[in-house]
Amino acid sequence: MDSGSGTNGAEGGERKLDFVRQIVADDIKTDKWQGKVHTRFPPEPNGYLHIGHAKSINLNYGIARDFGGKFNLRFDDTNPEKEEQEYVDSIIEDVRWLGADWEDRLLYGSDYFQQMHDWAVELIKKGKAYVCELDAEQTRAYRGTLTQPGKDSPYRNRSVEENLDLFERMRKGEFPDGAKTLRAKIDMAHPNLNLRDPIMYRIVHEHHHRQGDKWCIYPMYDWAHGFEDSIEGITHSICTLEFENHRPLYDWFIDAVNDGRTDDGSGPWGKKIHHPQQIEFARLNMTYTVMSKRKLLRLVKEGYVSGWDDPRMPTISGMRRRGYSPEAVRNFCKLIGVNKFNSTVDFALLEHCLREDLNKTSARVMAVLRPLKVVIDNYPEGQSEALDAINNPEDASAGTRKVSFSRELYIEREDFMEEPPKKFFRLAPGREVRLRYAYFITCTDVVKDADGNVVELHCTYDPATRGGDAPDGRKVKATLHWVSAPHALKAQVKLYENLFTKENPDDAEEGRDFTANLNPNSLETLTECYVEPSLARAHALDRFQFERLGYFCVDPDSTPESLVFNRTVGLRDSWARIQKKG
RNA sequence: UGGGGAAUAGUGUAACGGUAGCACGACUGACUCUGGAUCAGUUAGUUCUGGUUCGAAUCCAGGUUCCCCAGCCA
């Protein structure tokens with residue numbers, strides 16, 4: 001992972017640090033953590049990772065790398081009702097694909113359950129926590145509102161002994177789900193609702209994907225998260241904006257544990273625990289897509305897409321299947337920057353990063369998506385020849401290959417017009433164009449079916465233009481891609497458009513939600529495509545540029561007998577813009 | 001109406017009291033065996049009102065707008 005440093009904007013050598021890196025740099029300068037930097041990416045395994053997570057991974061891993069620190073991958077698996085091993089597996093694969101290196105630190109918050117439990121007991125003993133028997137609805141009522149203070153739970157002033165006994169019985173499974181909670185005794189009138197005696201533990205009799213049936217009480221995120229970071233020695237706990245309101249609570253919890261503890265470990269409670277610093281940044285939003293796990297889960301569960309890795313999804317697995325490269329994603333993360341206010345990044349910027357990388361790295365190949373048959377009347381029947389083609393004009397080391405030419409070819413249907421408008425430079429009756437790396441051809445005849453549709457073209461070729469250049473120096477205005485009919489391989493090609501028709505999918509009329517803005521044309525499957533035979537040897541996820549069309553990759557479901565390609569992104573198409581303008 | 005955050009071209013960001021810059025997009029043009037790529041250029045901005053200062057995007061005061069918080073989710 002060599003891109004993705006925290007610089008962006010102006011060139012010129014001097015680094016411009018994003019605000020998080022600025023804090024880290026300042027902390028190093030002031031020796032706040034003895035020069036140490038330790039970050040982490042803490043996903044909950046309740047869904048697949050998306051491009052917004054890539055921003056966070058890139059930030060956290062990038063900081064650790066840039067400042068010579070460490071980076072942990074830690075699953076925040078405190079809710080067995082939503083978490084599954086499938087998600088754990090996909091997250092590991094995606095983080096690795098993005099290039100972040102956690103070395104041997106693949107960690108799980110649930111592995112700290114015993115320690116968290118012991119700290120909870122400690123808080124009870126210090127009179128800072130109590131077992132509450134209010135049900136969910138009562139708890140809400142007692143909490144008050146944004147403008148009105150809450151009121152104390154009637155269970156707030158139990159004795160330490162009774163709290164200890166009840167909490168232990170909660171742990172042993174004596175009570176049903178929801179019957180009791182352990183709460184922090186803070187302030188029911190606090191203006192920050194998170195501090196109105198927040199729940200630390202709830203009873204959930206559920207099998208945990210990792211801990212099995214060892215526990216039936218599970219820590220709340222607020223209680224668990226700060227301690228996970230503390231235990232791992234995280235110096236900079238980087239998270240998104242919505243947790244800003246929670247920071248005072250994490251601080252309170254750590255301070256509560258540290259109350260009575262000492263730097264040297266003397267005294268009844270022992271040594272103070274590490275108090276990480278939380279820094280919040282704005283999550284990523286992008287045009288024409290949704291980015292919440294809840295909404296993505298709906299798209300999957302309700303069948304709007306084929307799965308989490310549907311190439312139209314903004315998930316890492318979807319983008320990978322679509323043909324995105326990790327380099328492109330990383331460079332995108334670098335360009336968008338980091339800040340503290342909500343913004344929506346133009347999808348075009350991601351596509352720009354994609355094309356920029358793919359242009360440099362993709363082998364060129366010829367494929368015809370919507371074939372139109374061409375017969376070269378003056379080319380000998382039964383003859384064929386192999387012509388030299390450049391694999392990647394951006395990379396001389398990619399070399400050349402041979403492409404077969406013969407009497408019968410396919411060209412792209414839209415490269416021919418019987419009555420061409422002024423700015424149309426491609427093939428038309430009587431007009432001469434170049435077939436890439438082959439010959440100049442001139443259209444002499446148009447064959448139509450009974451309905452008047454063009455079904456075949458007859459052309460002549462100029463043998464002197466072999467390879468694509470005319471010895472007499474004459475020019476043509478267009479170069480077309482083509483495949484030799486007898487040599488070509490048939491393939492299926494899937495074309496993707498934005499999943500939503502609106503920049504902001506949530507902008508739906510009254511009573512409807514984002515699914516109302518799903519793009520009915522987001523997937524088009526072409527089954528009559530022809531590709532050059534070299535593609536028979538391509539492997540899943542191999543990336544190519546189909547000349548003049550765009551970047552494509554081999555779908556994982558593709559087989560040598562039944563080739564399937566996904567269009568990653570089209571080439572910039574100035575002809576399409578001319579057409580649009582009329 | 002409580003508390004916590006935040007506002008710079010169409011979009012995303014930089015400028016840390018001293019010429020408001022970069023990228024994407026859009027638009028011109030050049031070049032081209034991909035109407036690709038590349039190159040050159042144009043476009044367009046400090047939320048508002050005051051104040052401090054020789055000088056304010058930056059400091060101060062007040063206003064406006066936007067985001068987050070009332071899960072036994074994270």
Side-chain angles (χ1 to χ4, degrees), chain A residues 7-12 16 18 22 42-44 46 76 78-79 81-83 132 134-136 139-141 143-150 177-183 189-196 199-204 218 220-222 224-225 239-248 280 282 287 293-294 335-353 355-356 359-360 364 366 390 393-394 423-426 434-438 440 467-469 475-481 503 545-550 570-578:
Chain A
T7 59
N8 62 28
E11 305 296 319
K16 282 170 182 158
D18 60 63
Q22 191 61 251
E44 182 189 16
N46 68 342
D76 206 333
T78 56
N79 183 357
E81 291 174 317
K82 292 187 177 177
E83 296 153 9
C132 182
L134 258 23
D135 65 25
T139 303
R140 191 180 335 115
R143 187 155 34 225
T145 69
L146 293 178
T147 51
Q148 293 167 325
D177 289 4
K180 290 178 172 53
T181 57
L182 183 71
R183 292 231 253 166
H190 198 104
N192 181 344
L193 304 237
N194 294 129
L195 287 273
R196 314 243 261 232
I199 292 170
M200 297 159 61
Y201 277 90
R202 76 281 211 186
I203 301 171
V204 179
Y218 287 91
M220 296 289 291
Y221 173 86
D222 282 342
H225 196 80
C239 67
T240 43
L241 249 31
E242 67 269 29
F243 295 108
E244 214 157 11
N245 293 329
H246 298 244
R247 182 165 17 107
E280 305 88 6
T287 54
K293 279 196 207 170
R294 203 198 98 248
L335 289 182
I336 57 176
V338 185
N339 56 40
K340 275 182 82 88
F341 55 92
N342 295 299
S343 57
T344 303
V345 177
D346 196 334
F347 202 85
L349 183 62
L350 216 206
E351 294 195 327
H352 162 77
C353 294
R355 290 192 182 102
E356 187 179 47
N359 176 51
K360 285 184 298 195
R364 271 60 169 175
M366 292 200 284
I390 295 165
E394 306 290 324
K423 288 180 179 167
F424 185 85
F425 302 146
R426 282 110 93 147
R434 173 171 35 233
L435 293 181
R436 183 144 225 228
Y437 301 126
F440 285 13
D469 283 306
K475 301 284 185 193
V476 288
K477 293 198 81 173
T479 300
L480 308 188
H481 61 278
E503 272 199 16
Q545 184 195 101
F546 288 1
E547 294 228 21
R548 302 211 302 134
L549 295 173
L571 254 21
R572 292 188 65 211
D573 187 351
S574 45
W575 167 238
R577 257 177 286 158
I578 291 167

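Every chain is numbered from 1, with letters handed out A, B, ... down the list of sequences.
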Tell me every residue that passes side chain to side chain contact (heavy atoms under 4.5 Å, CB included) with [X], counting only those two or more places apart in sequence or in another chain.
X: A:Y218; answer: A:P80, A:F113, A:R202, A:V204, A:H208, A:W215
X: A:C132; answer: A:Y130, A:L134, A:S153, A:Y155, A:T181, A:R183
X: A:P42; answer: A:R40, A:R74, A:H225
X: A:R577; answer: A:R572, A:S574

Excluding sequence neighbours, so at least two apart, what forms salt bridge (Lys or Arg N to Asp or Glu O under 4.0 Å) with [X]?
X: A:E81; answer: none
X: A:R143; answer: none
X: A:K340; answer: A:E244, A:E280
X: A:R434; answer: none

Select base, sugar-phosphate, or nothing to describe what [X] touches, counting heavy atoms under 4.0 Å on all strands.
X: A:K423; answer: base
X: A:E351; answer: nothing
X: A:R364; answer: base
X: A:Y437; answer: base
X: A:Q545; answer: base
X: A:F347; answer: nothing

- Using the aromatic ring of A:F341 (for Trp, its six-membered ring), decide whether it stacks on the base of B:G5 within the limits of 5.5 Å and 30°. no
- Note on the structure: Residues at least two apart in sequence or cross-chain that pass ring-ring contact (aromatic ring centres under 6.0 Å, His included) with A:H352, listed by chain then number, are none
- Has A:T344 got a side-chain N or O lying under 4.0 Å from the OP1 or OP2 atom of B:U11? no
If you measure from the [atom1] atom in [N] to the same atom in [M], how many Å do you get, rounded?
N: B:G50; M: B:U58; atom1: P; answer: 14 Å
N: B:A44; M: B:U11; atom1: P; answer: 15 Å
N: B:A7; M: B:A14; atom1: P; answer: 10 Å
N: B:C54; M: B:C27; atom1: C1'; answer: 41 Å
N: B:A57; M: B:U47; atom1: P; answer: 10 Å
N: B:C66; M: B:G29; atom1: P; answer: 42 Å
N: B:G17; M: B:A23; atom1: C1'; answer: 27 Å
N: B:C24; M: B:A40; atom1: P; answer: 12 Å

So, [X] side chain and [Y] main chain: donor-acceptor pair closer than 3.5 Å or not?
X: A:E83; Y: A:N79; result: yes
X: A:T287; Y: A:F347; result: yes
X: A:R355; Y: A:G570; result: yes

- Quick one: stems involving RNA chain B, counted as three or more successive Watson-Crick or G-U pairs, both distances short of 3.5 Å. B:2-7 with B:64-69, B:10-13 with B:21-24, B:25-30 with B:38-43, B:47-51 with B:59-63
- Note on the structure: Rounded to the nearest 0.5 Å, the CZ atom of A:F440 sits from the NZ atom of A:K475 at a distance of 8.0 Å
- Message: Assuming nearest nucleotide by heavy-atom distance, tell me which of A:P393 and A:K340 is located more 5' along RNA chain B.
- Response: A:K340
Taking atom [atom2] of [N] as reference, at what distance in whole Å does atom [atom1] of [X] sit?
X: A:E280; N: B:G5; atom1: CD; atom2: C1'; value: 9 Å
X: A:E394; N: B:C39; atom1: CD; atom2: P; value: 10 Å
X: A:D573; N: B:U34; atom1: CG; atom2: P; value: 15 Å
X: A:D18; N: B:C16; atom1: CG; atom2: P; value: 16 Å
X: A:I336; N: B:G25; atom1: CD1; atom2: P; value: 16 Å
X: A:R548; N: B:U34; atom1: CZ; atom2: C1'; value: 7 Å
X: A:H352; N: B:G10; atom1: NE2; atom2: P; value: 20 Å
X: A:R577; N: B:A26; atom1: CZ; atom2: P; value: 5 Å

- Query: On a plain distance test, is the side chain of A:R426 in donor-acceptor contact with the base of B:G35 below 3.5 Å?
  - Reply: yes
Taking only N/O atoms, report every protein-nucleotides 28-32 of chain B pair under 3.5 Å with atom names and distance.
residue	atom	partner	partner atom	Å
B:U28	OP1	A:K581	NZ	2.9

- Task: Specify the glycosidic conformation (syn or anti) of B:G71, with syn defined as within 90° of 0.
- Result: syn
- Between A:H190 and A:L195 the two heavy atoms that sit nearest each other are CG-CB, 3.6 Å
- Note on the structure: B/S/- along nucleotides 68-74 of chain B (protein heavy atoms under 4.0 Å) is BBBSBSB
